[in-house]
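Here is the structure we will look at, set down as structure tokens.
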Amino acid sequence: MAKNSKPTTQNSRLLSLDVFRGITVAAMILVNNPGDWGHIYTPIEHSKWNGCTLADLIFPAFLFIVGVSIVYSMERKVASPSNHGKMLWGALRRGVILIAISLIIQLILHPSFEHLRFPGVLQRIGVVFFICALLYIKASQRVRDWLFVILLIGYYLLMNFVPVPDTGIASLNPETNMGAWLDRIIFTPNHLWVESHTWDPEGLLGTLPAIATGLFGIRVGTWLKRRDRDDSVKVSWMFTYGVAAVVLGLIWDLFFPINKALWTSSFVLYAGGWSTIALAFSYWLIDVQGYKGFTSFFLPFGANAITAYVLSDFVPHYINKIRIGGSSIYQILFEPHFSAYNASLFCAIVMMLLIWILMWILYIRKIYIKV
């Protein structure tokens, strides 16, 4: 399977991980910016509740990558306990900055504290990154594996068998599940997802299994960094591990549905399995077989992932405010010339390409904005 039998990750940067991150960011921008929210092709539209589309796999893939990246960025330093304090402080600082960025973006785009959303994508990334970094620095892989199992089983038991205080029964419905109740108590309805104000897809309780997604990535990253296994063994193991996780997720789905909004335990396994398969294929194709010609498009996104995500909030927001003769850019350039679904898709692609141009300028100038 591999061109060489020696591991390729000992002293080199993992190009496949950068590309996988770039693909994930590009897909995230595409999914988050359709021209018309009422006309979206099913694969790039999030599931209404239970189930899983391609769009639903993007965010867990990013958290999985966060876990893998922790291993690649911290492995050398973590061996010395004298580095731990500085590493933990750096991880905490980064987590807090990610949360702050999300809140600042909201206040710039919608200047109001009254409905400021406290949970969110960057908030979840920040919390998961810090806790996973803490566990990587201070806990053994054996402890992390046990925590992974405890988080998934514990979350399953909590969501399915513990009565929700305001209804007296356990529920997996949007507004009556334990996570929704907890978010309303802690954040209050005014500070939850604007589409509902009664529950939030990035709620507090769902962050627990999201941490398991990060731990999934750490487990795979630790395997990839092993120096006593050749590439063919690594790739075979990752494919096997990924397929097994997908199958287990589908089995668990029979009594704990795959659900991104709840980040169910079955969703952790299912999405983590597909992320592992995707990384295994990328690693085999790019780092082992050496097919790198197509990677140049995705590397600008991978190199400045958070910056690209932030710009994906600002660029479409201000473009959509432009009016020419009373019509929006979408109504002028896309709506009259394509079917409703294609117009919406092409607009999303153009938004993604506009942000790519900005990322490409940063990339060729070797400007990497880190938090």
Side-chain angles (χ1 to χ4, degrees), residues 8-9 12-34 41 43-44 53-73 98 121-122 125 129 213-214 216-217 220-221 224 231 234-235 238-239 242 271-316 345-371:
T8 62
T9 59
S12 60
R13 185 177 178 89
L14 194 62
L15 181 61
S16 55
L17 183 61
D18 291 335
V19 173
F20 187 23
R21 185 188 296 109
I23 292 172
T24 302
V25 172
M28 189 179 295
I29 295 170
L30 190 71
V31 166
N32 289 345
N33 296 286
Y41 283 111
I44 56 174
T53 66
L54 183 63
D56 294 325
L57 295 175
I58 295 170
F59 190 17
F62 196 87
L63 291 184
F64 171 88
I65 291 168
V66 166
V68 178
S69 299
I70 284 172
V71 178
Y72 272 80
S73 64
L98 287 170
V121 171
L122 288 181
I125 293 173
F129 168 75
T213 299
F216 202 135
V220 172
L224 263 179
D231 292 319
K234 290 180 180 181
V235 172
M238 281 196 293
F239 270 118
W274 280 116
S275 293
T276 304
I277 292 168
L279 181 58
F281 179 74
S282 299
Y283 176 69
W284 172 79
L285 185 68
I286 298 169
D287 290 300
V288 178
Q289 298 297 322
Y291 294 106
K292 301 177 182 180
F294 72 97
T295 64
S296 57
F297 178 83
F298 298 104
L299 287 175
F301 280 135
N304 278 298
I306 298 300
T307 304
Y309 180 83
V310 170
L311 287 175
S312 74
D313 279 329
F314 285 103
V315 172
L345 174 61
F346 292 155
C347 180
I349 292 173
V350 169
M351 290 294 184
M352 185 263 289
L353 291 175
L354 286 175
I355 296 166
W356 178 85
I357 291 171
L358 298 175
M359 294 300 97
W360 177 74
I361 293 171
L362 293 178
Y363 185 72
I364 61 174
R365 292 176 178 269
K366 296 184 175 6
I367 299 173
Y368 308 111
I369 302 172
K370 306 294 183 182
V371 298

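These figures come from a predicted structure and were not determined experimentally.
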Let me see the working for Ile29 and Phe301 under side-chain contact (heavy atoms from CB on, under 4.5 Å), right down to the final yes or no.
-> CA-CA 10 Å; Ile29 295 170; Phe301 280 135; 3.7 Å; yes
Candidate pair Phe62 and Val66, rule side-chain contact (heavy atoms from CB on, under 4.5 Å), full reasoning = CA-CA 6 Å; Phe62 196 87; Val66 166; 4.1 Å; yes
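Scanning all heavy atoms of the two residues, the minimum distance from Val25 to Ala305 falls at CG2-CB, 3.7 Å. The nearest pair of heavy atoms linking Met238 to Thr276 is O-CG2, 3.3 Å. Counting all heavy atoms, side chain and backbone alike, Gly272 lies closest to Phe64 at O-CE1, 4.3 Å.
Contacts of Phe346 classified as ring pair (Phe, Tyr, Trp, His ring centres under 6.0 Å), with partners at least two apart in sequence or in another chain: Phe338. Every residue two or more places apart in sequence or in another chain that forms a side chain to side chain donor-acceptor pair (under 3.5 Å) with Trp274 is listed here: Tyr270. Applying the side chain to side chain contact (heavy atoms under 4.5 Å, CB included) rule to Phe314 yields the partners Ile105, Ile108, Leu109, Val310, Tyr318; only residues at least two apart in sequence or on another chain are considered. Partners of Ser16 under the side chain to side chain donor-acceptor pair (under 3.5 Å) rule, at least two apart in sequence or in another chain, are Asp287. Qualifying ring pair (Phe, Tyr, Trp, His ring centres under 6.0 Å) partners for Phe297, counting only residues two or more places apart in sequence or in other chains: Trp356. Applying the side chain to side chain contact (heavy atoms under 4.5 Å, CB included) rule to Ile44 yields the partners Val31, Ile40, Tyr41, Leu345; only residues at least two apart in sequence or on another chain are considered. Residues that satisfy the side chain to side chain contact (heavy atoms under 4.5 Å, CB included) test with Asp56, not counting sequence neighbours, are His46, Ser47, Cys52, Thr53, Lys260, Phe267. The side chain to side chain donor-acceptor pair (under 3.5 Å) test applied to Ser275 returns no partner, not counting sequence neighbours. In this view, Val350 and Phe334, Leu354 satisfy the side chain to side chain contact (heavy atoms under 4.5 Å, CB included) rule, not counting sequence neighbours. Residues satisfying the ring pair (Phe, Tyr, Trp, His ring centres under 6.0 Å) test with Phe59, not counting sequence neighbours, are Trp263.
Between Trp284 and Asp231 there is no side-chain heavy-atom pair separated by less than 4.5 Å.
Checking Tyr309 against Asn32 by side-chain atom types alone, no donor-acceptor pair falls below 3.5 Å.
One finds the CG atom of Leu98 at 7.0 Å from the CD1 atom of Ile125 (value rounded to the nearest 0.5 Å). Remark: Ile23 CD1 to Phe298 CZ distance equals 4.5 Å, nearest 0.5 Å.
Residue pairs meeting the salt bridge (Lys or Arg N to Asp or Glu O under 4.0 Å) criterion with at least one member in residues 17-34, sequence neighbours excluded, are Arg13-Asp18, Asp18-Arg21.
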Would you tabulate the side-chain donor-acceptor contacts of residues 357-371 under 3.5 Å, counting partners in other chains and residues two or more places apart, or write 'none'?
none

